[in-house]
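The structure appears below as structure tokens.
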Amino acid sequence: MIKFFRKIRKNLLSEGKTGKYMKYAFGEIILVVIGILIALQINNWNQERLNNNDIRNKLKLVHRELIEDIATLEKEINFRYERQNLISRSLKILEEETSLSFQNRKVLDSAFLIYARMGPLYNNMRSYESFLLTESNFIDEEIYIDLNNYIDDFNTTNAKIGFFSSRMNQPQYNILFNSSVKKKRSGAFEYSFNTIQQDYQLYESMRQSMSFFQTITKGYTKILKKAIKIENKIRNN
């Protein structure tokens with residue numbers, strides 16, 4: 001092909017057709033430029049396709065992690081609600097009952113066990129943050145904003161959990177430190193029902209704990225709704 005064009009240029013010059021030669025040379029330059037532009041566009045299309053595939057794969061990862069978050073959040077909400085309900089039932093027993101039945105003692109023992117076993121906090125070690133930092137220009141703006149808000153709410157709620165948990169482990173808030181309830185080495189609790197009914201500090205500690213679980217349940221419920229909303233958007237994107 002190059003020899004063919006070279007032969008045309010040579011013939012035009014040998015025949016003294018300078019004007020036609022200049023037009024031909026200009027046309028050849030235009031063809032070369034067009035060829036380069038087409039090659040660049042094809043390269044851009046390929047790069048865009050690779051970027052889109054990469055984004056889709058990362059969004060699949062985020063989607064999978066959101067599904068895991070939803071399952072974990074539902075479990076956490078139920079867990080916190082059960083503890084909240086357990087403390088509420090225990091307070092009602094202490095305030096209304098005149099004697100302690102076997103069934104009610106089981107309720108109280110279960111409530112006191114909360115203070116002996118402060119469970120670990122749920123920590124969402126996910127890839128959202130790095131994903132948002134590197135791919136903010138490529139993902140749907142609404143999904144980007146929702147994910148940022150989701151992360152902020154998660155961090156805020158976890159900070160509250162850390163604060164309340166540290167308080168519940170302090171002597172003035174944990175009933176196993178300074179109240180009428182003592183935990184034996186066997187794991188059983190020792191207390192007099194009449195005595196703990198008069199224990200103001202125990203009441204205050206349990207009320208504080210119930211307020212703590214209510215706050216966390218509300219926080220996790222708010223996060224759960226956002227996680228479900230984002231998961232639906234990514235799935236249908």
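Side chains included, hydrogens not; waters and symmetry mates left out as well; all remaining heavy atoms used.
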Can you tell me how far [atom2] of [Y] sits from [atom1] of [X], rounded to the nearest 0.5 angstrom?
X      : Y      : atom1 : atom2 : answer
Lys183 : Glu190 : NZ    : CD    : 12.5 Å
Leu61  : Leu66  : CG    : CG    : 9.5 Å
Glu204 : Asp199 : CD    : CG    : 10.5 Å
Ile77  : Ile223 : CD1   : CD1   : 8.5 Å
Ile230 : Asn148 : CD1   : CG    : 9.5 Å
Ile87  : Leu108 : CD1   : CG    : 11.5 Å

Name all residues meeting the side-chain hydrogen bond (donor to acceptor under 3.5 Å, both in side chains) criterion together with [X]; count only those two or more places apart in sequence or in a different chain, and write none if there are none.
X      : value
Ser101 : Asn104
Glu231 : His63, Arg235
Ser88  : none
Ser90  : none

#### Entry: Criterion side-chain contact (heavy atoms from CB on, under 4.5 Å) on Glu65 and Asp69, from CA distance to verdict
CA-CA 6 Å; Glu65 291 178 345; Asp69 275 0; 5.6 Å; no
#### Entry: Partner residues of Tyr191 under the ring pair (Phe, Tyr, Trp, His ring centres under 6.0 Å) criterion, sequence neighbours left out
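Partners of Tyr191 under the ring pair (Phe, Tyr, Trp, His ring centres under 6.0 Å) test: Phe112.
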### Message
Please determine whether side-chain contact (heavy atoms from CB on, under 4.5 Å) holds for the pair Val62 and Ile143, giving the CA-CA distance in whole Å, both sets of side-chain angles, and the decisive distance to 0.1 Å.
### Response
CA-CA 11 Å; Val62 172; Ile143 293 176; over 6 Å; no
Taking the side chain as every heavy atom from C-beta outward, state whether [X] and [Y] have any atom pair closer than 4.5 Å.
X      : Y      : answer
Arg105 : Asp109 : yes
Phe189 : Leu113 : yes
Lys226 : Asp146 : no
Ile196 : Tyr203 : no

Determine the minimum heavy-atom distance between [X] and [Y], stating which atoms define it.
X      : Y      : answer
Thr98  : Phe193 : C-CE2, 4.0 Å
Thr157 : Ile216 : O-CD1, 4.4 Å
Asn194 : Gln198 : O-CG, 3.4 Å

### Message
Under the rule for side-chain contact (heavy atoms from CB on, under 4.5 Å), what residues qualify as partners of Thr195, not counting sequence neighbours?
### Response
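With sequence neighbours excluded, Thr195 shows a side-chain contact (heavy atoms from CB on, under 4.5 Å) to Ser180, Ser192, given in chain and number order.
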### Message
I'd like to know whether OH of Tyr81 has more than 12 heavy-atom contacts from other residues, nucleotides or ligands below 6.0 angstrom.
### Response
no
